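In what follows, every heavy atom counts, from backbone to side chain, and hydrogens, waters and symmetry copies are set aside. The shown structure was predicted, so the numbers you read here are calculated from the model rather than taken from an experiment. Below, chain A is the first sequence line, B the second, and so on; all start at residue 1.
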Number of protein chains: 2
Amino acid sequence: MLERMKSYKTYSAGETILWRGEPMEFVASVVAGVASLSKTMEDGRTQMVGLLLPSDFIGRPGRTHVEFDVVATTDLTLCRFERKPFEKLVIDTPHVAQRLMEMALDELDAARDWMILLGRKTAREKIATFLELLARRSEVDMVKAQISVNLPMTRDQIANFLGLTLETVSRQLNAMKKDGIIGFSGRKELEVLNVAALRDATGDDADGGMII
Amino acid sequence: MLERMKSYKTYSAGETILWRGEPMEFVASVVAGVASLSKTMEDGRTQMVGLLLPSDFIGRPGRTHVEFDVVATTDLTLCRFERKPFEKLVIDTPHVAQRLMEMALDELDAARDWMILLGRKTAREKIATFLELLARRSEVDMVKAQISVNLPMTRDQIANFLGLTLETVSRQLNAMKKDGIIGFSGRKELEVLNVAALRDATGDDADGGMII
DNA sequence: TCGACATTTTGATCTACATCAATGTTGTTG
DNA sequence: CAACAACATTGATGTAGATCAAAATGTCGA
């Protein structure tokens with residue numbers, strides 16, 4: 001039944017999908033590309049508060065308005081549903097509600113971990129944590145024992161994600177290259193050459209912050 | 001029926017209620033006092049990721065382990081329920097599940113707003129935002145047109161909440177006193193003398209960050 | 001009421017990162 | 001493919017807030 005109001009829509013990099021304060025007409029899930037949630041202060045200071053990768057969900061039951069700007073970081077494809085019928089579905093099917101609750105709690109944990117990064121980590125630790133986050137979702141080249149990471153954003157966007165400036169991002173990235181931890185094969189394409197050193201540089205404890 | 005497994009427990013200031021990684025035996029709600037959620041890095045750097053004031057809820061359906069340390073910031077009284085029967089109740093009564101979802105989403109928004117503070121705000125803006133947060137939950141003296149705020153924590157704890165050092169907290173607090181924005185009537189007791197100036201100093205937009 | 005300890009304030013200095021300013025690279029469009 | 005715009009690097013300099021170090025204040029138990 002829900003199939004009938006499903007629709008795909010594509011956005012190009014840089015496009016704002018939803019503005020803060022706007023009424024929320026639909027919920028969606030990311031099919032391809034990367035989107036981000038962010039908030040901008042009056043004087044232009046911007047902070048990203050979430051990254052949305054494929055399979056991530058946009059929208060929240062019970063909310064009629066958008067709380068943060070949603071921007072297409074790369075070219076993006078969303079699979080959208082109208083909000084009203086979606087909410088009816090949530091109410092009618094407990095295990096969907098259950099699943100959404102799970103997702104909200106996961107996001108909450110992620111947001112709180114990010115608070116530690118923003119409040120207490122050094123520039124290098126921030127960059128390392130960011131690369132590790134992307135590496136975890138990336139392809140592994142078994143032969144060369146390397147992980148290729150695609151940076152889905154510009155230096156400026158990375159800076160807004162990590163609470164840094166773009167110059168600091170650039171410098172730290174090149175410092176890690178000089179240290180042999182990563183190597184570039186394009187401005188937005190890099191390989192992790194020393195996984196252990198990268199983990200070490202994150203400042204997180206050995207188990208990766210996971211509860212065992 | 002839930003009444004039967006309800007129990008009150010008190011903790012004294014500084015006591016750790018739950019350690020990260022521990023199994024979660026109960027859920028609870030704060031009756032009196034202040035608790036905090038925090039995470040500490042190996043080298044001791046600490047970041048608070050949440051403040052729990054009276055009526056706030058501790059625990060999350062579907063989670064068996066604790067994700068962040070829960071510490072009694074002041075003397076504290078909790079109203080606790082065993083987790084298992086509580087979860088049964090959640091599953092059986094949709095509107096309780098609904099309410100919990102609401103709370104999770106509210107916390108998520110709060111966490112994201114805090115990310116902006118940690119990533120982009122200056123020390124003074126952080127302090128102002130913090131005071132404004134407390135002022136919103138405080139008593140208003142109608143006669144003097146003043147708001148009395150009780151700081152429920154030490155300078156050091158405030159610093160861990162705001163991603164600062166205790167010295168910076170102390171200096172900024174005294175700077176705001178010198179500027180006539182606040183006045184002290186005890187180390188942990190202050191009045192907001194100029195509400196408009198305080199709002200202004202937060203760096204948030206005029207409407208207080210609320211969506212209208 | 002007196003220490004003894006925790007907390008806060010205050011001052012001096014240091015430094016990581018921001019800011020300002022070119023210069024160098026890439027990718028795109030007519 | 002030239003030439004322009006967007007993005008990235010690199011260097012020089014500035015500064016907010018950290019760090020280090022006392023002193024001052026408050027608090028609590030004996």
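By the neighbour-count criterion of 12 heavy atoms within 6.0 Å, atom CD of A:Glu189 is densely surrounded, having more than that number from other residues, nucleotides or ligands. Shown here is B:Glu15, whose CD atom has more than 12 heavy atoms of other residues, nucleotides or ligands within 6.0 Å.
A salt bridge does not link B:Arg60 with B:Glu107: none of the charged nitrogens is closer than 4.0 Å to a carboxylate oxygen. A salt bridge links B:Glu87 with B:Arg83: the closest approach of a Lys/Arg side-chain nitrogen to an acidic carboxylate oxygen falls below 4.0 angstrom.
Neither side chain, A:Thr77 nor A:Thr10, offers a donor N or O lying under 3.5 Å from an acceptor on the other. A:Thr46 and A:Thr40 are linked by a side-chain donor-acceptor pair at a separation below 3.5 angstrom, with hydrogens and angles left out of the test.
As a whole-Å value, the separation of B:Glu167 CD from C:dG11 P is 14 Å. One interatomic measurement links the two molecules: CG of A:Leu118 to C1' of D:dG17, which rounds to 17 Å at whole-angstrom precision. If you measure from atom CG of B:Asp156 to atom C1' of D:dG26, you get 17 Å, rounded to the nearest angstrom. Rounded to an integer number of Å, the gap from CZ of B:Arg155 to P of D:dA18 is 16 Å. C:dA16 atom P lies 12 Å from atom CD of A:Glu125, rounded to whole Å. Rounded to whole angstrom, the span from the NZ atom of B:Lys188 across to the P atom of D:dT25 amounts to 19 Å. If you take CG of B:Asn160 and P of D:dA18, they are 11 Å apart, rounded to a whole angstrom. If you measure from atom CG of A:Asn174 to atom P of C:dG24, you get 16 Å, rounded to the nearest angstrom.
The bend of the helix from C:dT1-D:dA30 to C:dG30-D:dC1, defined by the angle between the axes of its first five and last five pairs, stands at 40° to the nearest 10°.
When heavy atoms are screened at a 4.0 angstrom cut-off, A:Leu166 is found touching base atoms of the nucleic acid. Residue-level contact check: B:Thr154 touches the backbone only, with heavy atoms under 4.0 Å from sugar-phosphate atoms and none from bases.
In this structure, A:Thr168 reaches the C:dA18 phosphate: one of its side-chain N or O atoms is under 4.0 Å from OP1 or OP2.
One N or O donor and one acceptor, one from the side chain of B:Arg187 and one from the base of D:dT25, sit under 3.5 Å apart.
Set against D:dA18, D:dG17, C:dT9, the side chain of B:Ser170 has C:dT9 as its closest nucleotide.
Both B:Ala123 and A:Arg171 lie near DNA chain D, and the one whose nearest nucleotide falls closer to the 5' end is A:Arg171. Checking A:Lys121 against B:Leu173, the closest nucleotide of DNA chain C that is more toward the 5' end is the one next to B:Leu173.
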